[in-house]
Novice: 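Once you've had a glance at the structure underneath, I'll fire off some questions.
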2 protein chains.
Amino acid sequence: MTQMQRQPNAARSQQTAREHVISLAERLLHPQSSHEQRLLEIVKTAAAVFRERGYEAGTLEDISQQLGMTRPALYHYVRSKQDILFLTINYLLDIALAELNELERQQDTRERLRSLIIHLITLIGRERSFFTVFFRDKAGLEEPYLSLIREKERAYVAAFRRAVREAMTAGMLPNIPEGIATQAILGCCNWTYQWLDPAGPVPLEQAAELIASFLVDPHPTHLAGKEDTSAAVASDGQGQ
Amino acid sequence: MTQMQRQPNAARSQQTAREHVISLAERLLHPQSSHEQRLLEIVKTAAAVFRERGYEAGTLEDISQQLGMTRPALYHYVRSKQDILFLTINYLLDIALAELNELERQQDTRERLRSLIIHLITLIGRERSFFTVFFRDKAGLEEPYLSLIREKERAYVAAFRRAVREAMTAGMLPNIPEGIATQAILGCCNWTYQWLDPAGPVPLEQAAELIASFLVDPHPTHLAGKEDTSAAVASDGQGQ
DNA sequence: CCTACCGATCGGTAGG
DNA sequence: CCTACCGATCGGTAGG
């Protein structure tokens, strides 16, 4: 890597800066060189720091100290604090989209929607720091990075929406506008980052399945004339 | 009032500063003097600024400029930026709790839960700035203010939980642990601050009712063999 | 990758 | 003496 730290705000540097961080982002999902692996460590540490203090209040000093390096040394890997925020959020979306693609192959309509819900909740539980930064500090992104993130976000929501549409058509969900139903379900899942403790009394997987059952009734009772929901009611536990 | 601005960090000053801002907060819901009314304007402007830029990035300069005053003039009303954040979030919770108390008188189990859901969603739509600051920047609160806010938050959640418990016992919700069901429903409602545009194509009230119908089935299909609930559905006034 | 710094801007406070 | 502020500047810290 050649050294280019000298002209941070020059016109041509702005363009290359964008290309630079995007090429970094693309390689971060599967880091190969030790340089890329170190960058991934920086991103993970940044997620923890930003989660704890927020993007604005969290400092590069916090990040570098946790990594045992000096603050100026960070500039060997990135060009700005903004770069780190982008890499952090982009890394999360890349993970989510990659895992999503595998789930979409699921054939059964109910199981596909259930899988998407359970996967999202467990992913949030596993990557709590990344999701907190994503949900809370996304607005701290400047253009064009914000647009890039929004595009990936839309792809994720679109997959959810397809599953919701099919489930609703099949009578597995109450019949309301599909966009609203999609956001309602996503809200249920996303909000778990605020309250569902992966180390809490209810195991993450189990909580995710309970929420999925809450949203997508195990029995298609929303279709007229269906009966026999007594099995679900029989397990009446007033727990928690 | 004797002048005490001299020792900002002295032990006794910390105590009076706390008492000072709490007494301000108590009077903000029903401002009487012109001084209190002006403080309320500051709080509302702060909510807009913090929503747009976040608590850390939003400056007192932004707030004072929008109000046509100088930044030092803000210190005639509050003692710190932190005070403003606390007053902002506390004001929102006081509004929410006051309106909640009226809704809890609702007798019918299904309608009470529906009312809580619809009320929360419409309140979020109306007070978008306050809720954004609350959800996103709450962690910026220091003690003891954070604990005061958490207590009011718990009271709000507890009311929701009571309504959820009754609805679940009556078979109007899928049977899962009531704490998880409560958070799932709250998540659905709270997340609307991220996507539900009060000026969007679907009117706020209507969207809120659709989401309520999505969460609490208009027909108690979760209880086995109950057919005679049609009377309750017929008699309830659908026209809020 | 460090030491040694910069331009700017922050929240908060002085005297009047 | 009170209220409602202003112009100027403080100490400290941010990203770079």
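Every value quoted in this text rests on a predicted model; they were computed, and no experiment measured them. Below, chain A is the first sequence line, B the second, and so on; all start at residue 1.
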Novice: Any chance you could measure B:D83, atom CG, to B:N90, atom CG, to the nearest 0.5 Å?
Specialist: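 Those atoms lie 11.5 Å apart.
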Novice: Please list each protein N or O that sits under 3.5 Å from an N or O in nucleotides 4-6 of chain D, with the distance.
Specialist:
| from | atom 1 | to | atom 2 | distance (Å) |
| --- | --- | --- | --- | --- |
| D:dC5 | OP2 | B:Y77 | OH | 3.3 |
| D:dC6 | OP2 | B:T70 | N | 3.1 |
| D:dC6 | OP2 | B:T70 | OG1 | 2.4 |

Novice: Given pairs defined as Watson-Crick or G-U wobble with both distances under 3.5 Å, what dot-bracket annotation applies to DNA chain D, with ( ) intrastrand, [ ] crossing, | other strand and . unpaired?
Specialist: .....|...||...||
Novice: In Å, rounded to the nearest 0.5 Å, how long is the span from CG of A:D197 to OG1 of A:T192?
Specialist: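 Interatomic distance, A:D197 CG to A:T192 OG1, rounded to 0.5 Å: 11.5 Å.
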Novice: Over 60° means perpendicular and under 30° means parallel, so tell me whether B:F86 and B:Y145 are parallel, tilted or perpendicular.
Specialist: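 Tilted, since the angle between the ring planes falls between 30° and 60°.
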Novice: Expressed in angstrom and rounded to an integer, what is the separation of B:K81 atom NZ from D:dT13 atom P?
Specialist: 15 Å
Novice: In whole Å, measure the gap between the C1' atoms of D:dG12 and C:dA8 for me.
Specialist: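 Looking at atom C1' only, D:dG12 and C:dA8 are 13 Å apart.
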Novice: Taking atom C1' in both D:dT9 and C:dG11, what distance in whole Å separates the two?
Specialist: 13 Å
Novice: Has B:Q37 got more than 12 heavy atoms of other residues, nucleotides or ligands less than 6.0 Å from its CD?
Specialist: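 Counting other residues, nucleotides and ligands, CD of B:Q37 exceeds 12 neighbours.
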Novice: Using a heavy-atom distance cut-off of less than 4.0 Å, which residues of residues 51-63 of chain A contact DNA chain C?
Specialist: none
Novice: For A:F130 together with A:F134, are the ring centres under 6.0 Å from each other?
Specialist: no
Novice: Taking the ring centre of each residue, are B:F131 and B:Y193 less than 6.0 Å apart?
Specialist: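 They do not qualify: ring centres at least 6.0 Å apart.
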Novice: In whole angstroms, how far is the C1' atom of C:dT13 from the CZ atom of B:R79?
Specialist: 14 Å
Novice: State yes or no: are the ring centers of A:F135 and B:W191 separated by less than 6.0 Å?
Specialist: yes
Novice: Within this structure, what is the OH-to-P distance between B:Y75 and C:dT13, rounded to whole angstrom?
Specialist: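 In whole Å, C:dT13 P and B:Y75 OH are 6 Å from each other.
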Novice: For D:dA4 and C:dG16, measure between their P atoms and round to the nearest Å.
Specialist: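 Roughly 22 Å separates the two P atoms.
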Novice: May I ask you to check whether over 12 heavy atoms, not counting those of A:R126, lie within 6.0 Å of atom CZ?
Specialist: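 Check passes, neighbour count above 12.
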Novice: So which of B:R71, B:R51, B:R53 actually passes salt bridge (Lys or Arg N to Asp or Glu O under 4.0 Å) with B:D62?
Specialist: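 Single pass found, and it is B:R53.
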Novice: To the nearest angstrom, how far is A:L74 atom CG from D:dG16 atom P?
Specialist: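 Going from A:L74 (CG) to D:dG16 (P), I get 11 Å.
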Novice: Going by distance alone, is a donor N or O of one side chain under 3.5 Å from an acceptor N or O of the other, for B:E41 and B:T45?
Specialist: no
Novice: Any side-chain to backbone donor/acceptor pair from A:K44 onto A:T88? Under 3.5 Å, distance only.
Specialist: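 Not confirmed, A:K44 side chain does not pair with A:T88 backbone.
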